[in-house]
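Working notes, beginning with the structure itself.
Note that the coordinates shown come from a computational prediction; the quantities given were computed from them, not determined experimentally.
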Amino acid sequence: MGLFSGLESLGFKTAELEVYSKEKDSAESDVISELPKEEKVIKEEDYLFRKTYNCPICDNEFKTLTVRAGKVRSNGHDEDLRPLYKEIDPLKYDPVVCPKCGYAALSKYFDHIIPMQRKSIRAEIEPKFKGIDESKDFFDYDEAIIRYKMVLMCDVVGSTKDSRKAYTCLKLAWVIRGKLEKERESLSPSECETLHADEMECIQNAYDGYILAFSHEDFPMSGMDEVTVMYLTAALAFRLEKYRESLQLLSKIMENRGVSSRIKEIALDLKDKIRAQVAMKEKQ
């Protein structure tokens, strides 16, 4: 697919765009709740409101859909820390895209831009951008995926930190996984295979980015401390079947006396999953 496929419709040629420089090679709710005698359908738009942003690139004021704080309930997480919720998937609404110039970033980074990045966005994104629809009452997964790809392209064009690009790739992987889970019954086998391949491409790029970031960035990364990022990278390695690399990272975590009980517990769970996978492969 390519991480940026689909952005052609918004005016961009992305065939030559790469997330990381070549040096990466060296761095190794149910939606329905039953009530007596009737069914209450959850409307996604009931959990949303339009938040106002001011674009730091073109000074355009606009509104975009945002999840109301406290409206959704946590339902655990995947082993790679993807948060799960009971009502809707808030991950779809994290990208913020200026509908005028095309500048895009995850919500917590939207206002954090330096002059060099501003110059690159104005030169490479703004002249080509054809606009994006902000009139929708909610975003489906396809809309969310396009918006994440806009964020990733702006991350690359603006030469943001490797950890930031890795985080964008990670969240894009989570949203693709969400689409596959929610829409599997309506998708053909080939569509499911494509989505899985797309998710794994994002996972690989997230893993590459965090491995690069370990060598030259300070913590916190993506709002996470060193142990959390180490665990996350181990979980990504596990999904990529890099079991040796994953176990090495988990061993470092277990050797750290300051590790919280929560991280220690999920690290031990992941270690058990790896052993089970290795044992199963040896039997095949």
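Two residues are said to be in side-chain contact when any heavy atoms from C-beta on lie closer than 4.5 Å; Y53 and N60 fail this criterion. In this structure, V278 and E282 have side chains that are in contact, with non-hydrogen atoms separated by less than 4.5 Å.
Of all heavy-atom pairs between Y148 and L91, the closest is OH-O, 2.6 Å. Among all heavy-atom pairs drawn from L180 and L195, the shortest one is CD1-CD1, 4.1 Å. Between C169 and V19, the shortest heavy-atom distance links the atoms SG-CG1, 4.3 Å. Considering every non-hydrogen atom in both F219 and D225, the closest pair reads CD2-C, 3.8 Å. Closest of all the heavy-atom pairs between R184 and C192 is CG-SG, 4.1 Å.
Relative orientation of the F110 and Y103 rings is tilted, given thresholds of 30° and 60° on the angle between their planes.
Using a 4.0 Å cut-off between charged side-chain N and carboxylate O, K179 and D142 make a salt bridge. Using a cutoff of 4.0 Å between basic side-chain nitrogens and carboxylate oxygens, D80 and R177 are scored as salt-bridged.
In K43, the NZ atom is not crowded: 12 or fewer heavy atoms of neighbouring residues, nucleotides or ligands sit closer than 6.0 Å. Residue K271 qualifies as enclosed at atom NZ: its count of foreign heavy atoms under 6.0 Å is above 12. Within a 6.0 Å sphere centred on CG of D272, other residues, nucleotides and ligands contribute more than 12 heavy atoms.
In this structure a side-chain-to-backbone donor-acceptor pair under 3.5 Å is present from K108 to S222. Of the possible polar contacts, none joining the E255 side chain to the K252 backbone as a donor-acceptor pair under 3.5 Å is found. Within the 3.5 Å criterion, the main-chain N or O of K242 finds no donor-acceptor partner in the side chain of S246. Looking at R82, its side chain never comes within 3.5 Å of a backbone N or O of H77 through a donor-acceptor pair. At distances below 3.5 Å, at least one donor-acceptor pair connects side-chain atoms of N205 with backbone N or O atoms of E201. Side-chain N or O atoms of R50 include none that pairs as donor or acceptor with a backbone N or O of T66 at under 3.5 Å. Between the side chain of E217 and the main chain of S163, a donor-acceptor pair closer than 3.5 Å is present.
Cation-pi check for K92 over Y141 is met; the charged atom lies under 6.0 angstrom from the ring centroid and within 45 degrees of its normal. For the pair K71 and Y47, the cation-pi test (distance below 6.0 Å, angle within 45°) is passed. Under the 6.0 Å distance and 45° angle rule, R164 counts as a cation-pi partner of Y109.
Donor-acceptor pairing under 3.5 Å is recorded for the side chains of E134 and T64. Defined by atom type and a distance below 3.5 Å, a donor-acceptor pair is present between the side-chain atoms of D208 and Q204. A donor-acceptor pair shorter than 3.5 Å can be found between the side chains of Y93 and E44. In summary, the side chains of K51 and S107 do not present any donor paired with an acceptor at a separation below 3.5 Å, with no hydrogens or angles considered.
In this structure, the separation between CD1 on I121 and SG on C58 is 11.5 Å, given to the nearest 0.5 Å.
Checked against side-chain contact (heavy atoms from CB on, under 4.5 Å), N256 has the following partners two or more places apart in sequence or in another chain: V227, V259.
Put simply, L84 and L81 are part of two different groups of oily side chains (I, L, V, M, F, W, Y) that touch within less than 4.5 Å, one to the next.
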